[in-house]
Amino acid sequence: MINEEPEVIARSAEELLGGLNEQQAEAVQYDGPALLIAAGAGSGKTRVLTRRIAWLLSQTGAWPSQILAITFTNKAAAEMKERLTTLIGPVAQRMWVSTFHSACVRILRRDGERIGLKSGFSIYDTADSQRLVKIICTELNIDVKRYTPRSILARISDYKNGLIGWQERLKEYAPQFRPGVRGSQIGSFGDVEVLYACVYAEYQYRLSAANAVDFDDLIMRTVELLRTDPMVAEYYRRKFRYILVDEYQDTNHAQYVLVRELGGVDGGAAREPGARGAGRSGPAWITVVGDSDQSIYAFRGADIRNIQEFEKDFPNARTIMLEQNYRSTQTILNAANAVIALNPGRKPKKLWTALGDGSKIIGYAADNAQQEGAWIATEIARLAGEEGYRYSDIALMYRANAQSRSLEEALINAGIPYQLVGGTKFYERKEVKDAMAYLQAIANPDDDVNLRRIINVPKRGLGARAEAVLTMFAADHRTSAWSALEALDSIEGMPTRTANLLGQFRDLMTGLRAFARQNDGKPSEIVAEVLEKTGLLAELKKSTDPQDMTRVDNLSQLQSVAAEYEQNTPDATLNGFLETTALVADSDQLPDEGEDTGTVTLMTLHTAKGLEYPVVFLTGMEQGTFPHSRAMENESELEEERRLAYVGITRARQILYVTRAAVRAQWGQAAEMLPSQFLDDIPENLIEWKRRETGVDALRGGWRSGGFDDDEFGGFEEGYSSSSYGSRPRWGSAARKATSGSSYGSSSYGSSSYGGGYGSRGSKYGSRGGGARTGSSYGGSYGSSYGSSSGGKSGRVTTRRMKKDLLDSLSKAKSAAARKSESAAQSGALNVADFHEGDKVTHDQYGLGTIVAVEDKGRNSVITVDFGSDGVKRLLLRVAPIEKL
DNA sequence: GCGAACCACATTTTT
DNA sequence: TGTGGTTCGC
């Protein structure tokens, strides 16, 4: 055991504590079983977490294999690994630093057989799960209009997040129901709980028959495994002596229990007497990091009490508060503090910074969403043109994905390159999903949901009838659809034509499986084979619908993603590929920190959590939009909205914009929108309004109580670009003209040279890391929302296609200028080109040093610096706290 | 079994 | 806005 441990770069206490404030240093060193780091926004929590891990390794004598670090997103995990690598060396790459879900997959792949999961199990995404629920509903004669599969699934998800098993539900509400027995009916029910209980039970039965798990199962079934199998539990408890959880405020009950189980907190085992650190037995040491003010996932089962009651839950727990913020100006923090302070029942916490007041928050009230977008676009052009910001310094945030459209259009009109994060996801596209369904069905023959999805895709004359025959047979024999297909010849009463077609399909799948078996290590070739042999690609290629062109692109992109996975994974397998694709999230497509994409970023506030940008636009600050209308009646949901506002505000480092529209089109209809209450919550003296009132407001008679500004019509256009913000009296003295805003839009943004290149990055999907991007051929235009619409012939679509063409040409003409901006003149980030042997630099910790070598490896460039008495260090330029002299 | 046409629907956030 | 489901005619 000892010998297999690879070396960890030893770090001295001084190194690990260098540059930390008192609280941070205390958190890094804390020596005890349970630690809560209450880390306000921007307080350097990731830094503390990674240093703490390094501390445990080099100062407490822990081994890398004893540590389990859990995050919520792959991106966060990758980032932590990367930072750890610079701190302790390549060992970090092999440590358990992962998301809850992938850690659970890993555990279940290893030991899932103990609870009846065969190792090649499928992971169903929400769409798969919904299909399954729908199938069940139809069979149980449930009115899917009244009880949508979506809502039923949400309920099932609630159960699972709360670790409530289907057995319990069934026992309590429908003990007569027999899952898996065809013809079993719910019977009469006056209580919807009966319905939920039956569907839940049947759903789990089908999942297990298909050797599949859904998202929530990954957590719940891992808990089940640990609880039912003492041997397995013991194994992990001995293994993981230190468990660290990031974003703890977002954990749900199941995840909370998982941590306790893995850590053996309730196991009753005694701590090794006199051991260093957590020793080799007894409860693992738990460190959690979080901010209850940033809990924004309660709607998905996150339980804020987990963090609020940490001290009660874990014996001898210690809490350390991090309140110094290293990200934002005091103005921004004051706004954030003011907003969040209105939430009742929270522990008071006030962020502060040493960075100074900075400029005021800038407000803008537009007449409608188009104008809001147009103004933002002009403003971005100004920031890029006059203030020296890069596009990648700027982010636009909104409450809901639907709001992105008007912003996108404005940016396109202005020729500003942007990148949209989220929205319709790559793996949710029909064509991609179809191809993936084939892969799933190949890998896991029992996977009924995916097999049934593709049985007639592409069209091969196998309709509802054929499917019914097959599933009837399968149900009668309590076997899978695939087995039924194999036993095709013994199915009676099947039309010859159907039998033939089914036979062809069976042979197709058999052939593909054989191919997959022989080429298991080359998923990209399996993808190619599937696209080819199934006719998926051929069907799209022969189509004349322009939409299908992009679908073909998407499929080739899928192949590239597989190729990329293959290159970055030493022991690549088809199953491994399916796994990585099953667990990707929106935020995973975000560029890495410090990378200049040359594009403005658009995303929802939820996706933005954990990120920071020099310039942030919070758009759609209207009642009903944000806070969202559905959240406005319920006090606790409103509190969550307020936390979301807090998250949004604290993303900004230097300049924060808040914008609103007086009229916004919602599902086709225009609606008048009142200003968001959150705008009122920000102290007036922090905001400088470029335009405070809209034409609509004027008619309505002002919106702030008192109506003292009834006559203010705005008048932003005069002069705002000629002077800097900050010191001018609010919406004030500059010459005003009474503009209703209708004349807006004819002005000439777009005329200057800020057009830049578009979409410099290639893949936004698949695995990150390792510089070399393969498959650059699937260029950058994906990610804008174009091409996602369907249908096809209205005039609107035509316009949008034209815009897409515009985008494409921009992307092709990715100018030398844009290329240059990627590698040069990065304010803040450091550039290899600026470093030469012999140059002097200063380092936050080591002080003055001389460069002895420079390795230009693009993003991963390394310089070697001689710090005299502090020694010679190799530093990753991207992350090292150095400054050139 | 298929495709076109129509209609009703719902629209928050997602590991 | 667009999607998904249903219906109808072939």
Side-chain angles (χ1 to χ4, degrees), chain A residues 70-77 98-105 123 125-127 129-131 134 138 144-145 148-151 153-154 157 160-161 214-219 246-247 250-252 254-255 295-302 397-406 421-425 428 430 456 458-468 495 497-498 501 547 582-588 603-610 620 624-632 637 640-641 643-644 647-648 665-670 785 788-794 796-797 800:
Chain A
I70 299 178
T71 62
F72 269 86
T73 66
N74 297 307
K75 182 176 154 59
S98 68
T99 62
F100 268 108
H101 296 272
S102 38
C104 288
V105 170
I123 301 168
D125 66 12
T126 323
S129 303
Q130 272 188 41
R131 276 178 78 86
K134 206 174 147 197
T138 340
V144 287
K145 288 256 153 81
T148 63
R150 214 185 114 167
S151 63
L153 198 57
S157 179
K160 291 184 177 180
N161 289 334
D214 69 13
F215 243 52
D216 301 312
D217 277 341
L218 288 174
I219 313 290
D246 194 12
E247 306 283 13
D250 288 334
T251 50
N252 59 37
Q255 288 161 334
S295 161
I296 53 174
Y297 285 110
F299 72 94
R300 219 176 49 200
M397 299 174 190
Y398 35 82
R399 176 66 236 265
N401 276 312
Q403 291 166 250
S404 72
R405 172 142 285 127
S406 56
V421 183
T424 331
K425 272 148 279 171
E428 282 170 17
K430 287 157 241 72
N456 198 29
K459 297 258 148 26
R460 53 172 70 91
L462 292 171
R465 278 300 265 295
E467 195 184 325
R497 200 180 84 92
T498 311
L501 292 168
Q547 290 295 314
L583 299 174
V584 293
D586 277 353
S587 58
D588 295 335
M603 68 193 129
T604 65
L605 286 159
H606 281 87
T607 310
K609 192 175 64 141
T625 306
F626 185 35
H628 192 272
S629 50
R630 291 212 184 183
M632 282 167 61
E637 284 182 49
E640 180 143 316
E641 295 287 299
R643 290 193 290 269
L644 196 54
V647 166
Q666 291 189 122
W667 60 92
Q669 296 283 279
S785 72
S788 64
S789 70
S790 68
K793 16 183 145 139
S794 72
R796 232 186 147 265
V797 173
R800 295 182 56 206

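Note: hydrogens, waters and symmetry copies are ignored here, and every other heavy atom, side chains too, is used. Naming convention: chains lettered A, B, ... in sequence-line order (proteins, then strands); numbering from 1 in each chain. Being a predicted model, the structure only gives us computed values, none of them experimental.
With a 4.5 Å cut-off on side-chain heavy atoms, A:Tyr398 and A:Thr604 count as touching. Taking 4.5 Å as the limit, some side-chain heavy atom of A:Arg497 sits within range of a side-chain heavy atom of A:Leu501.
Of the candidate nucleotides B:dT11, C:dG2, B:dT13, B:dT11 has the atom lying nearest to any side-chain atom of A:Arg630. When the nucleotides B:dT13, B:dT11, B:dT14 are ranked by their closest atom to the side chain of A:Arg300, B:dT14 comes out on top. Comparing atom distances between the A:Arg465 side chain and each of B:dT13, B:dC2, B:dG1 picks out B:dG1 as nearest. When the nucleotides C:dT1, B:dG1, B:dC2 are ranked by their closest atom to the side chain of A:Ala466, B:dG1 comes out on top. Counting only heavy atoms from C-beta on, A:His628 has its side chain closest to B:dT12 among B:dT13, B:dT12, C:dT1. In the set B:dT14, B:dA10, B:dC2, the nucleotide with an atom closest to the side chain of A:Lys459 is B:dC2.
Between A:Tyr297 and A:His606, the ring-plane angle classifies as tilted under the 30° and 60° cut-offs.
The nearest whole Å value for the distance from the CE atom in A:Met632 to the P atom in B:dT13 is 17 Å. Note: OH (A:Tyr297) to P (B:dT13) measures 11 Å, nearest angstrom. Per the geometry, CZ belonging to A:Phe299 stands 11 Å off P belonging to B:dT12, to the nearest Å. Taking atom CD of A:Glu640 as the reference point, atom C1' of B:dT14 lies 12 Å away to the nearest angstrom. The separation between A:Met603 atom CE and B:dT14 atom P is 12 Å, rounded to whole Å. If you measure from atom NE2 of A:His101 to atom C1' of B:dT14, you get 9 Å, rounded to the nearest angstrom. Between the C1' atom of B:dT12 and the CG atom of A:Leu605 lies a distance of 11 Å, rounded to the nearest Å. With rounding to whole Å, A:Ile296 atom CD1 is found 16 Å from B:dT12 atom P.
With the 3.5 Å cutoff on both pairing distances, Watson-Crick and G-U pairs in DNA chain B assemble into runs of at least 3 at B:1-9 with C:2-10.
Applying the side-chain contact (heavy atoms from CB on, under 4.5 Å) rule to A:Ala665 yields no partners; only residues at least two apart in sequence or on another chain are considered. Take A:Asp216 and apply the salt bridge (charged side-chain N to carboxylate O under 4.0 Å, His left out) test, not counting sequence neighbours, and it matches no residue. Scored by the ring pair (Phe, Tyr, Trp, His ring centres under 6.0 Å) test, A:His101 finds A:Phe215 as partners (sequence neighbours excluded). Evaluation of the side chain to side chain donor-acceptor pair (under 3.5 Å) rule for A:Glu641 yields A:Arg399 as partners, not counting sequence neighbours. Qualifying side-chain contact (heavy atoms from CB on, under 4.5 Å) partners for A:Thr138, counting only residues two or more places apart in sequence or in other chains: none. Residues passing the side-chain contact (heavy atoms from CB on, under 4.5 Å) test with A:Ser151 are A:Thr148, sequence neighbours excluded. A search for side chain to side chain donor-acceptor pair (under 3.5 Å) contacts involving A:Asp217 returns A:Lys160, not counting sequence neighbours.
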Using a cut-off of under 3.5 Å, enumerate the N/O to N/O pairs linking the protein to nucleotides 4-8 of chain C.
unit_1 : atom_1 : unit_2   : atom_2 : d
C:dG5  : OP1    : A:Lys134 : NZ     : 2.7

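Place A:Arg399 and A:Arg497 on DNA chain B by their nearest nucleotides, and A:Arg497 ends up nearer the 5' end. Residue order along DNA chain B, read from the 5' end via each residue's closest nucleotide, puts A:Thr498 first among A:Thr498 and A:Glu641.
Under 4.0 angstrom from either OP1 or OP2 of B:dT12 there lies no side-chain N or O belonging to A:Thr604. Side-chain nitrogen and oxygen atoms of A:Ser629 include none within less than 4.0 Å of the OP1 or OP2 phosphate oxygen of B:dT11. Neither OP1 nor OP2 of B:dT11 sits under 4.0 Å from any side-chain N or O of A:Asn401.
If you check every strand for non-hydrogen atoms under 4.0 Å, A:Ala631 touches nothing. Heavy atoms of A:Ala400 sit under 4.0 angstrom from primed sugar atoms or phosphate atoms, though from no base atom. Here A:Asp250 lies out of heavy-atom contact (under 4.0 Å) with every strand. Heavy atoms of A:Arg643 sit nowhere under 4.0 angstrom from any nucleic acid atom. Counting any heavy atom pair closer than 4.0 Å across all strands shown, A:Phe215 reaches a base atom.
For the C1' atoms, the distance linking C:dG5 with B:dT12 amounts to 24 Å, nearest Å.
In this structure, CD in A:Glu247 is found 13.0 Å from OG1 in A:Thr99, a value given to the nearest 0.5 Å.
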